[in-house]
Amino acid sequence: MAELKTLDLRPGGQTAHVWQGGNADSPALLFLHPITGIPRWGDALESLANDFHVIAPYQPGWGPAKDDLPGVRDALDLVLFNVDLLNTLGVGSAHVVGVSIGAWIGAEIAAIRPDAVQSLTLINPLGLWSENHPGEDPFAQHPGFPTAVLFSDPDKRNELLMAERDPMDAYVTELLDLRASAKFLWPIPDTGVGRRLVRIDTRTLIATSEHDNLVASEMGDIWRAAIPGAQSVEIADSGHIADLEAPEALAELVRSFALEGVTA
């Protein structure tokens, strides 16, 4: 049974809102959410909890942590937040899985605190910029359905992101999550992580989605070339938010790579 807990982190003193599921004796897995946050404990996390102790925090600025954004200045603050969370939970290191903006955060953790990362899976990573492969601008969409571009079919926004939630609460959360993402990715989503990727010496897998409107497969190649020894794979029939659109494919990919070192 998954639980959403509120924790006081040490030594940083921040508050973390974090989902946990699976057996605490299983390998630890830190899940770093996409632009859309964690709308619910979904199928991907439930599937991963069969093999891992899943730790899925809301990053500062997202969801119930919406008021914590002003305290985050840069990538280092996000790295320290996540490392402090692992330390508070008594987890020395974890398999790290990031989707979208979460993949950027995961790469920063692996570059700055490699001791905290057992394996690294980056799914549709944002944070690098190429004029040749710019992708859609997630912050320049119709205000009535601002995250529809993140899905392979715009109708999947309602089905996968907004369903089973109070419509107004879901819409306000959607806008606030975009606000948090914009702090790091607007106007040009170049976070500077490219200068640090060469420092990553953790087993790394780059996955891109077949129908991603933001991250072209060529961007996956750029990430793979920048990280020594990284492998790459494509997720079929999915858009940018692969944890919602292709939950079992994502979970199987992570299981195979994290536990066995092979791509599914």
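Computed from heavy atoms alone, side chains included, the values below leave out hydrogens, waters and symmetry copies. If you're wondering where the values come from, they're calculated on a predicted model, not measured in any experiment.
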Is the backbone N or O of [Y] less than 3.5 Å from a side-chain atom of [X], with the two atoms forming a donor-acceptor pair by type?
X	Y	value
S119	A258	no
E108	L76	no
Q141	A148	no
D74	D77	yes
Q231	L205	no

Report the C-alpha separation of H33 and Q59 in whole Å, then their side-chain angles, then the decisive distance to 0.1 Å, and conclude whether the side chain to side chain donor-acceptor pair (under 3.5 Å) test is met. CA-CA 8 Å; H33 61 67; Q59 299 301 308; 5.0 Å; no
Taking the side chain as everything from C-beta on, heavy atoms only, tell me whether T263 gets closer than 4.5 Å to L253. no
Is it true that E248 and R255 make a salt bridge, defined as a side-chain N closer than 4.0 Å to a carboxylate O? yes
Presence of salt bridge, K156 and E159, under 4.0 angstrom: no
Pairs meeting criterion side chain to side chain donor-acceptor pair (under 3.5 Å) with involvement of residues 199-208, two or more places apart: none
Compute whether any side-chain donor of one residue and acceptor of the other, for E174 and T147, lie under 3.5 angstrom apart. yes
Between E234 and S209, do the side chains contain a donor N or O and an acceptor N or O under 3.5 Å apart? no
Apply side chain to side chain donor-acceptor pair (under 3.5 Å) to S100 and N124, showing your working. CA-CA 5 Å; S100 175; N124 301 327; over 6 Å; no
Quick one: list whatever passes salt bridge (Lys or Arg N to Asp or Glu O under 4.0 Å) with R165, sequence neighbours left out. none
Distance-only donor-acceptor pairs under 3.5 Å for side chains of residues 3-17, two or more places apart:
{"residue": "T6", "atom": "OG1", "partner": "H17", "partner atom": "ND1", "Å": "3.4"}

Should the pair H95 and F52 be assigned to parallel (<30°), tilted (30 to 60°) or perpendicular (>60°) ring geometry? perpendicular
